[in-house]
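Below: the structure, in structure tokens.
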Amino acid sequence: MVATNAPAPPPGRVGVTFAEIAEHYGKATRYVAENPRWGRHPQWPSSIGKRGRTYEYKPEDVAAFVAAHHTREAVPLDPERLYTVPEIATATSGPADSIWADISRDRWPAPDTTTEDGTKLWRGATVIKHLAGRRAYRKRG
């Protein structure tokens with residue numbers, strides 16, 4: 001049985017190729033096949049056979065790899081509460097400097113409000129939505 005988030009193999013096949021995996025996850029085939037965070041990762045699933053010159057992989061194994069290496073966990077923030085950058089950094093276990101850098105490079109949403117003293121505040125819902133669209137970052141090891 002194929003997991004709901006797993007790429008679906010073509011009719012009559014049990015495995016998926018890099019091209020099908022890439023299409024399912026919105027990546028380029030070459031990126032998935034050659035990137036050390038994807039197809040060249042040491043924990044990438046083993047091939048179950050070949051289709052022509054292309055290797056096939058079990059969709060469930062691919063989905064499990066993606067869940068373990070490329071899925072960001074939900075951020076534990078109250079959607080209605082306002083948060084400062086240090087509070088967001090603490091809740092996401094990331095450095096505040098990275099958030100400030102993203103703000104300065106326009107890679108972070110505009111604050112939902114700014115206090116009289118200039119403190120920028122974001123609603124939890126804004127932060128959750130923004131982080132859901134970003135890739136997961138995991139330390140190697």
Side-chain angles (χ1 to χ4, degrees), residues 1-115 117-141:
M1 179 167 176
V2 177
T4 57
N5 61 343
R13 302 300 306 194
V14 294
V16 289
T17 65
F18 279 129
E20 293 153 356
I21 295 165
E23 182 179 347
H24 180 77
Y25 292 107
K27 306 283 183 201
T29 301
R30 185 172 178 182
Y31 180 84
V32 172
E34 298 179 10
N35 191 297
R37 292 185 183 155
W38 283 83
R40 300 237 176 167
H41 191 281
Q43 294 176 350
W44 181 257
S46 298
S47 168
I48 60 170
K50 290 183 101 175
R51 188 184 319 158
R53 293 186 292 169
T54 306
Y55 288 106
E56 289 187 309
Y57 302 90
K58 283 178 65 177
E60 300 85 1
D61 293 350
V62 172
F65 174 85
V66 171
H69 297 278
H70 295 286
T71 303
R72 180 180 290 278
E73 293 85 16
V75 181
L77 297 175
D78 176 356
E80 295 303 315
R81 181 173 169 238
L82 292 169
Y83 292 89
T84 63
V85 167
E87 291 170 331
I88 295 167
T90 299
T92 60
S93 301
D97 289 344
S98 294
I99 297 172
W100 286 119
D102 284 352
I103 292 168
S104 71
R105 293 179 178 99
D106 292 327
R107 295 187 306 213
W108 193 263
D112 291 307
T113 189
T114 303
T115 63
D117 67 355
T119 303
K120 297 175 179 176
L121 302 169
W122 289 263
R123 293 201 182 286
T126 303
V127 176
I128 292 167
K129 180 180 177 185
H130 175 69
L131 293 178
R134 294 177 61 138
R135 67 180 178 182
Y137 295 97
R138 295 219 168 70
K139 292 184 180 178
R140 294 176 191 227

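The figures here come from the full heavy-atom set of this structure, side chains too, leaving out hydrogens, waters and symmetry mates. The model shown is predicted, which means the values in this text are computed figures rather than measured ones.
Using the six-membered ring where Trp is involved, Trp100 and Trp122 have ring planes that are perpendicular, over 60° apart on the 30 and 60° scheme.
Distance alone, capped at 3.5 Å, places no donor-acceptor pair between the Asp61 side chain and the Pro45 backbone. Of the possible donor and acceptor atoms, one in the side chain of Ser47 sits under 3.5 Å from a partner among the backbone N and O of Glu56.
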Inset, instruction - Tell me, with the steps shown, if Ile103 and Val85 meet side chain to side chain contact (heavy atoms under 4.5 Å, CB included). - result: CA-CA 10 Å; Ile103 292 168; Val85 167; 3.9 Å; yes
Legend entry - Full working for side chain to side chain contact (heavy atoms under 4.5 Å, CB included) between Leu82 and Arg123: CA-CA 4 Å; Leu82 292 169; Arg123 293 201 182 286; 3.6 Å; yes
Inset, instruction - Show the numbers, then the answer: is there a side chain to side chain contact (heavy atoms under 4.5 Å, CB included) between Phe65 and Ile21? - result: CA-CA 12 Å; Phe65 174 85; Ile21 295 165; over 6 Å; no
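Counting all heavy atoms, side chain and backbone alike, Trp44 lies closest to Trp38 at CE3-O, 3.3 Å.
The side-chain heavy atoms of Val16 and Pro9, taken from C-beta on, include a pair separated by under 4.5 Å. Using a 4.5 Å cut-off on side-chain heavy atoms (C-beta onward), Thr119 and Thr114 make no contact.
Rounding to the nearest 0.5 Å gives a distance of 12.0 Å between CD1 of Ile99 and CZ of Arg107. Taking CZ of Phe18 as the reference point, atom NZ of Lys27 lies at 14.5 Å (rounded to 0.5 Å).
Using a 4.0 Å cut-off between a side-chain N of Lys or Arg and a carboxylate O of Asp or Glu, Glu20 and Arg51 qualify as a salt bridge.
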